[in-house]
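Here's the structure we're looking at; comments come further down.
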Amino acid sequence: MLASDAITNREDAATRPPTGFKAWTRRLVPVASDAGLKSAHFRKPGIAVWLLAPQLLILLFFFFIPSWKALSLAFVQVDPFGGTVLFVGLDNFTRLFASASYRSSAVLTFWFTIIQNVATLSIAGLLAFATDQVIRGRFVYKSVILLPYAIAPVISGVLWAFLFNPTVGPMAQFLHSLGLPWDPNRRPFDAQVLITVAAVWKHVCYDYIFMVAALLAVPQSLIEAAALDGARPVRRFFTVSLPIIAPTIFFLVVMNFTYGLFDTFAIIDAVTKGGPGGATNTLVYKVYQDGFVLLDLGSSAAQSIILMALAIVFTILQFRAIERKVNYQV
Amino acid sequence: MVQRNPGLTIFCHIVLFLGAAAVCMPLYFAFVAGSLTTAEVQQTPFPWLPGAHFIDNIATAWNEEDFSRLYINSIIVTAGIVVGKIIISLIAAFAVTYFRFAFRMTAFWLIFISLMLPVEVRIIPTYEAVADAAGPVRWFASATGLSGLVESLTGYRLEAALQWNLVNTYGGLILPLIASASATFLFRQFFLTIPDELCEAARIDGAGPLKFFWDVLLPLSRANIAALSIILFLYGWNQYLWPLLFTTDKSMATVMLGLKNLIPVADAAPAWNIAMAGAFFVMLPPAAIILLMQRWFAKGLVDAGK
Amino acid sequence: MKILSKRAFKACAGGVAISLMTLQLGGTAFAQDKVSVEWWHAMSGRLGEIVDQLIADFNESQDQYEIVGVNKGSYAETFAAMIAAYRVGQHPTLVQATERSFLTMLYSDAVVPVGELMEQQGYEIDWDDFVGPVADFYIVDETPAALPFNSSTAILWYNVDHFRAAGFDKPAETWQELETQLYALKEQGVTDCSMALAGDFIWSMVEGYSAINDYPYATKANGYGGLDTEYIFNTTPVVGQVERMKKWVDDDVLQIAGQGLSPTQLYTSGDCSTYIASTASHAAVESGAEFDWGATFMPHEEDVAEPKNSNIGGAALWVLKGKSDEEQAAAAAFLDFIAKPETQAWWSGETGYVPVTNAAYELMQSQGFFDEHPTREIAILQLTRGEPTENSRGFRFGNSDQTFAVMNEELQAVWTGQKSVQEALDASVSRGNEILRAYETLHAGK
């Protein structure tokens with residue numbers, strides 16, 4: 001095989017104008033079509049298709065088809081058993097947009113997602129930086145910090161609710177002894193703080209482990225070179241390590257975002273059940289509650305569509321705003 | 001060797017100690033609750049120090065369910081999720097970062113979009129997908145007239161033959177959980193940081209894409225694979241709603257279902273001490289994985305690759 | 001070399017994957033000559049063990065049928081699992097569903113009414129023997145739709161030590177006098193928390209309150225007269241009841257449990273002097289309360305001379321369609337076993353749920369059960385009190401769990417001070433009526 005067939009390089013690719021379908025996908029997806037492609041890459045579409053096939057097939061059967069079925073219910077009212085189906089057009093959507101509680105839920109979700117994201121990333125970043133600095137006890141620290149992640153969510157959700165229960169919880173008693181009027185059952189702000197702390201706690205291990213892994217992959221030679229130039233550890237972290245692990249951080253920003261937006265309903269269900277008075281009723285908790293518990297499948301599907309659309313818009317914005325700034329070449 | 005700053009090192013130890021204490025706080029109270037009697041666990045103020053019944057409660061919890069069987073199921077299912085997801089994600093990420101082809105970005109976004117709708121939201125139709133995995137194929141066959149064709153040619157009824165029910169099988173517990181993009185996205189991000197010279201060097205050696213993947217990318221991805229294995233192991237191990245819906249046979253249940261069964265419901269005696277003690281032996285395999293996988297976190301991988 | 005080993009690895013992995021997909025580690029072996037049917041239920045923990053015992057007793061009592069009990073998590077999870085399975089025809093024969101899903105089940109076109117099934121299969125069950133509100137709830141057009149299984153009602157629990165310390169014998173019978181007592185308990189420093197409420201307080205404090213005091217909750221006899229019923233509880237003394245609760249919450253007399261290990265803990269720990277919750281809390285109180293505890297009837301309004309029966313809670317057993325005659329026969333045999341006075345008496349004694357037939361109640365009396373456990377009798381006495389009226393016989397609303405969630409949210413907004421009581425109840429009624437209309441449109445003509 002001739003090596004030049006298999007590999008093309010940047011100059012070659014840049015001179016080829018996009019045509020046909022590729023041009024269309026480029027308009028559809030705002031990121032340039034060469035984004036995320038190695039400049040040294042292969043041109044063997046046949047192999048690529050085989051490599052992608054398992055993932056795409058599984059997604060087709062267990063994601064796209066079920067999701068399509070779930071989302072298509074957005075335009076009907078339906079008996080959960082599937083016996084009676086009534087086409088209602090956009091009623092499910094108009095009812096949502098008319099509802100004040102849905103709008104306040106959207107605002108809450110916005111702030112919750114952002115604060116959760118920033119807090120998780122900062123705490124995990126600090127811990128990962130510290131882990132990278134110490135030599136003695138590194139193994140113990142890593143293990144102990146990761147251990148709580150192993151506790152079953154069915155247990156940890158209950159624990160959070162219990163620890164901060166204003167009457168019986170030890171942590172609530174501690175807060176009261178500091179003179180704080182802690183009561184997440186009656187003070188909406190307390191409840192919002194509680195779910196944010198619980199969500200951060202749940203996810204901080206996730207960010208931590210990937211940051212530790214990424215910092216390990218920073219070439220020692222670069223750090224040593226920076227040290228020879230007289231850069232102190234904190235400065236080395238910001239000028240050498242951080243740019244190199246930026247792709248991982250971008251990965252974590254996106255994952256924290258989808259975590260906050262989508263995967264927090266279980267902890268909300270255990271800790272506040274969306275209360276008090278809807279104060280912690282995030283968009284995804286409402287989707288879960290209406291769709292799975294209350295079986296209002298039509299409304300739940302409409303909410304899912306809105307939530308998905310929001311998530312896609314935000315993700316595209318993130319790709320445009322951040323990924324372009326991330327330098328993938330060391 | 002880089003010089004270390006003693007002040008910074010002490011600061012880092014303090015940060016790590018506080019961080020470890022904060023994340024372990026709920027774990028500690030689970031231990032305290034697991035060491036009390038059922039009457040004690042209902043008292044206030046809740047004690048800050050553990051009681052004397054941890055071992056008894058562990059024994060009670062273990063005997064309440066057939067945990068040895070549940071363990072085997074959980075390990076098979078979780079291993080399936082970890083191995084399956086890592087393999088399909090690695091190769092898919094390889095395809096979208098190292099190959100130029102027409103639908104590259106479309107494929108990436110198709111995979112990526114699966115992060116946007118959590119399992120629980122589409123759980124009822126996903127049950128249909130698992131209970132009748134061949135359904136879409138049958139639909140396709142009859143919509144395209146393929147089944148009629150086959151039947152007229154061979155007398156073979158395609159609809160009757162294409163039945164694939166995954167309820168109460170390991171496949172039904174594994175496959176739907178593999179269908180997500182997080183791992184693919186991680187590997188894509190990681191591959192993008194790998195220096196181009198490595199690929200060019202492989203080209204000079206005359207290596208094809210698969211050889212490059214096997215000899216260069218895979219060893220470089222070791223720390224990421226280890227990190228991901230830990231995360232996926234915990235993800236698979238802690239699944240509750242999915243196995244609950246997809247198993248009806250007790251012999252196919254997982255430890256998480258057993259644990260949930262220990263958690264008292266509203267009208268029952270609140271034996272939280274038993275449930276909390278149970279949480280500890282349920283934690284053992286994930287804890288073991290965390291310790292084992294640490295070996296793979298070693299510095300200098302990238303330097304060695306060069 | 002590497003390529004080769006990779007191929008070998010691939011082939012090996014592929015083989016393992018394929019065999020895993022279809023593998024089951026040798027499932028439970030069933031005796032082939034028995035007809036085996038599944039029953040999906042929501043009983044876990046100690047209740048789950050009692051259910052397993054019940055099933056084992058039935059399976060041993062005869063050799064034709066075998067019931068396989070499957071715990072499917074909470075009621076909501078059991079229900080969702082059942083629906084998902086029903087849509088692909090893999091549902092169980094028997095399923096346990098709460099009283100709140102009654103209409104959803106009844107008009108689902110997915111169930112065989114239990115009355116019809118028992119008649120077809122030749123079992124005679126004396127439906128007149130079921131206690132009033134229970135029978136009224138589950139019998140539609142003289143045909144019982146489901147078999148009540150675990151039924152309960154709310155009662156008032158109290159801490160005898162606290163009441164003695166404050167100079168009272170027991171809680172008063174009316175809300176007005178009870179209020180004086182609760183404030184006295186607090187003012188005398190006996191307790192910081194005079195009353196605790198479980199999370200489902202709407203069931204006891206709003207619905208139950210309306211039934212006991214004979215106030216209408218909705219038009220058309222609380223839904224018994226047709227699907228075109230409308231909520232009207234924002235125009236009844238319910239407004240005063242919620243205002244009283246708001247005052248108590250503000251004065252720290254009343255704690256609404258919220259989330260935590262268990263709301264019952266507020267009472268069993270000795271923190272709260274009274275607790276309004278299901279009679280099924282007996283299991284928790286008997287195991288956890290280390291003080292002299294007692295229980296009594298729910299209070300009523302002072303201008304109500306004869307309080308009526310309270311409302312039921314809990315769940316019933318339904319038989320799903322699409323099963324063979326043999327499987328239906330097995331289900332019928334099991335239901336017949338459950339309805340037997342001996343089974344009922346045993347189940348009630350073990351769990352704290354109410355015996356649902358008069359025969360079972362009499363059997364428990366004759367066994368002297370209530371002499372030993374006097375508080376266990378309160379629920380059944382309260383359920384059978386007086387002649388049921390249109391306002392007290394029960395509630396029959398479509399998608400009532402959706403309305404329940406809406407009311408929860410609205411009433412929490414009262415406790416947090418975001419809404420006035422009247423605003424919250426008005427909003428509950430208007431949002432609740434929308435839910436009723438949606439259900440009515442979907443099930444027009446039923």
Side-chain angles (χ1 to χ4, degrees), chain A residues 3 7 25 29 33 38-43 45 47-48 51-52 54-55 58-59 62-63 65-67 69-70 127 130 133-134 141 143-146 148-156 159 163 168 170 209-210 213 216-217 219-220 224 227 233 247 251 258 262 287-288 304 308 311 328 330, chain B residues 2 8 12 15-16 19-20 23-24 26-27 30 44 46 88 91-92 95 97-101 105-107 114-118 120-122 125-126 129 136 176 178-179 186 189 192-193 195-196 199-200 203 209 223-224 227 234 238 240 259-260 279 282-283 286-287 290 297 299-300 302-303:
Chain A
I7 304 224
T25 52
V29 181
S33 68
K38 301 293 287 189
S39 51
H41 55 253
F42 302 97
R43 252 211 210 144
I47 297 181
L51 292 173
L52 276 169
Q55 172 125 45
I58 285 185
L59 282 179
F62 299 109
F63 178 79
I65 292 173
S67 302
K69 280 188 190 165
L127 291 173
Q133 289 299 314
V134 302
Y141 283 129
S143 307
V144 171
I145 290 175
L146 288 177
Y149 201 56
I151 192 165
V154 291
I155 292 285
S156 63
L159 269 174
L163 291 172
V168 293
I209 190 170
F210 285 120
L216 280 173
Q220 195 65 25
E224 279 165 12
F251 162 77
T258 60
F262 293 120
V287 172
Y288 166 76
S304 302
M308 248 184 119
Y328 284 112
V330 180
Chain B
V2 178
L8 184 74
C12 287
V15 164
L16 286 170
V23 290
C24 286
L27 196 63
T44 56
F46 194 78
I88 65 167
I91 58 178
T97 47
Y98 275 97
F99 289 86
R100 172 185 289 278
F101 55 98
M105 282 312 276
T106 316
S114 67
L115 286 172
M116 304 288 153
L117 199 65
E120 286 74 5
V121 171
R122 53 191 157 91
T126 309
I178 292 181
L186 173 80
Q189 293 302 96
L192 289 180
T193 69
D196 276 335
C199 188
E200 277 151 20
R203 178 186 66 169
N224 273 297
L234 292 171
N238 287 337
Y240 162 66
L259 178 61
K260 180 71 183 217
V282 165
M283 255 180 77
I290 289 174
F297 281 88
K299 238 186 159 67
V302 170
D303 295 321

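Worth saying up front: this structure is predicted, and the values here are computed from it rather than measured. Values below: every heavy atom of this structure, side chains too, minus hydrogens, waters and symmetry copies.
Proximity to chain A involves both the backbone and the side chain of B/Leu186, based on heavy atoms less than 4.5 angstrom apart. Looking at A/Leu146, both its backbone and its side chain come within 4.5 Å of chain B, counting heavy atoms on both sides. Proximity to chain B (any heavy atom under 4.5 Å) is restricted, for A/Val287, to the side chain, taken from C-beta onward. Heavy atoms of A/Ile209 lying under 4.5 Å from chain B belong to its backbone as well as its side chain. Contacts of A/Phe251 with chain B are made by both backbone and side-chain atoms, with heavy-atom separations under 4.5 Å. Contact annotation for B/Leu115: both backbone and side-chain heavy atoms come within less than 4.5 Å of a heavy atom of chain A. With a threshold of 4.5 angstrom between heavy atoms, B/Tyr98 approaches chain A through its backbone and through its side chain.
Across every non-hydrogen atom of B/Val23 and A/Val144, the tightest pair is CG2-O, 4.5 Å. Residues B/Cys12 and A/Gln133 approach most closely at SG-CB, 3.6 Å, considering heavy atoms. Taking both residues in full, the closest heavy atoms of B/Pro26 and A/Leu159 are given as O-CD1, 3.3 Å, listed atom of the first, atom of the second, then distance. Across all non-hydrogen atoms, the minimal contact from A/Ala150 to B/Pro286 is CB-CB, 3.7 Å. Heavy atoms only, all atoms of each residue included: B/Ile88 and A/Pro54 are closest at CG2-CB, 3.7 Å. When all heavy atoms are compared, the tightest approach of B/Ala92 to A/Gln55 is CB-OE1, 3.4 Å.
Contact of the B/Leu192 side chain with the A/Pro247 side chain is not registered, since no non-hydrogen atoms from C-beta on lie closer than 4.5 Å.
Residues passing the ring-ring contact (aromatic ring centres under 6.0 Å, His included) test with A/Phe63: none are found, sequence neighbours excluded. Looking at residues two or more places apart in sequence or on another chain, you find a side chain to side chain contact (heavy atoms under 4.5 Å, CB included) between B/Ala129 and A/Phe62, A/Pro66.
In terms of heavy-atom pairs under 4.5 angstrom with chain A, the leader among B/Ala20, B/Ala95, B/Ser114 is B/Ser114. The candidate from A/Thr258, A/Ile151, A/Ile47 with the greatest count of non-hydrogen atom pairs under 4.5 Å with chain B is A/Ile151. The most heavy-atom pairs under 4.5 Å with chain A, out of B/Leu234, B/Asn224, B/Leu8, come from B/Leu234. Contact count against chain A (heavy-atom pairs under 4.5 Å) is highest for B/Ile290 among B/Ile290, B/Val282, B/Ile178.
Distance check, rounded to the nearest 0.5 Å: CG of B/Asn238 to OH of A/Tyr149 gives 8.5 Å. With rounding to the nearest 0.5 Å, the separation of CD1 in A/Ile155 from CG in B/Leu27 is 11.0 Å. Note: B/Phe99 CZ to A/Leu52 CG = 9.5 Å, rounded to the nearest 0.5 Å.
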